[in-house]
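Here's the structure, in structure tokens; my notes come after.
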Amino acid sequence: MSSSLYILNGPNLNRLGRREPEIYGHTTLAEVESMCRNAAGTRPVVFRQSAYEGQLVEWIHEAIDEPAAAIVINPAGLTFTSIPILDALKMFPGPIIELHISNIHRREEIYHRSLVSRIATAVIAGLGPTGYRTAVEAALQIVDESNQ
Ligand code: DHK
């Protein structure tokens, strides 16, 4: 079985669909997960969400140890504050796609400095929930190209 694609989501993303729909849209996290699994095709997907920094760190360690093929991560508010998430991602050998539903650079200044961008292979921001599909496709393309 091919190695998994980890898709990790941070705080408040469990409320997608009900949370500031003018920013994040009406798509629920369950619908996002379904979109990601469809985009991944036969590639196994681990799709998780947590409000807790340590849980996200432990899932990144799981991806490191598997090893997973790639990580797509929307750290949400932890993007801008979490050294532990950055440090964990530094240990992951595969591609890391940082994803934000909104264009964080067009929002309040507090959302402008991502710690995760210091290690991410690529950053996708502002495509709305469909950005997840783009992130999955990009991650798997990088994986496929590296295996050629
Ligand atoms: C989601 C959040 O919860 C915010 O804290 C980020 C990100 C933006 C998003 O656009 O997906 O700043």
Side-chain angles (χ1 to χ4, degrees), residues 3-41 43-64 66-144:
S3 51
S4 305
L5 170 63
Y6 270 63
I7 305 172
L8 302 178
N9 297 277
N12 299 303
L13 291 170
N14 56 308
R15 300 188 66 84
L16 283 179
R18 295 174 287 168
R19 174 195 181 194
E20 297 181 277
E22 70 281 2
I23 297 174
Y24 301 107
H26 295 277
T27 306
T28 66
L29 192 63
E31 290 167 336
V32 167
E33 178 176 1
S34 176
M35 186 192 326
C36 290
R37 293 189 184 282
N38 289 337
R43 172 77 60 173
V45 169
V46 174
F47 187 99
R48 296 183 183 146
Q49 183 275 333
S50 177
Y52 302 102
E53 180 182 51
Q55 177 63 82
L56 290 160
V57 167
E58 288 176 357
W59 286 335
I60 294 167
H61 291 169
E62 198 180 283
I64 293 163
E66 185 181 283
I71 293 175
V72 171
I73 184 165
N74 183 345
L78 293 173
T79 304
F80 316 100
T81 61
S82 179
I83 301 292
I85 287 176
L86 173 61
D87 288 345
L89 290 172
K90 285 181 177 179
M91 293 184 276
F92 181 68
I96 299 166
I97 309 294
E98 177 186 349
L99 174 75
H100 302 285
I101 294 168
S102 63
N103 179 351
I104 56 175
H105 302 293
R106 204 165 70 174
R107 298 185 59 191
E108 302 94 310
E109 195 271 338
I110 56 171
Y111 296 128
H112 290 177
R113 279 182 295 282
S114 165
L115 292 173
V116 172
S117 295
R118 295 166 181 246
I119 191 65
T121 308
V123 182
I124 296 173
L127 294 182
T130 56
Y132 279 88
R133 179 190 299 124
T134 305
V136 168
E137 291 168 351
L140 295 183
Q141 182 175 343
I142 294 168
V143 169
D144 291 346

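Order of listing sets the numbers, starting from 1, for every ligand and every atom in it. We count residues from 1, following the sequence as given. If you're wondering where the values come from, they're calculated on a predicted model, not measured in any experiment.
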Handout entry: Side-chain (N74) to main-chain (H100) donor-acceptor, under 3.5 angstrom
Key = no

Problem - Exercise: identify the closest heavy-atom pair between R43 and A69 - result: NH1-CB, 3.6 Å

Fill in the blank from the handout: In chain-and-number order, ligand 1 lies under 4.0 Å from a heavy atom of each of R19, Y24, N74, A76, G77, F80, H100, I101, S102, I104, R107, Y111

Problem - Approximate separation, where rounding is to 0.5 Å, of I85 CD1 and K90 NZ - result: 13.5 Å

Problem - Donor-acceptor contact present, side-chain S4 to main-chain A68, <3.5 Å - result: no

Practice task
Say whether Y24 and N12, considering side chains only, have a donor N or O and an acceptor N or O under 3.5 Å apart.
Solution key: no

Handout entry: For F47, all residues meeting ring pair (Phe, Tyr, Trp, His ring centres under 6.0 Å), sequence neighbours excluded
Key = none

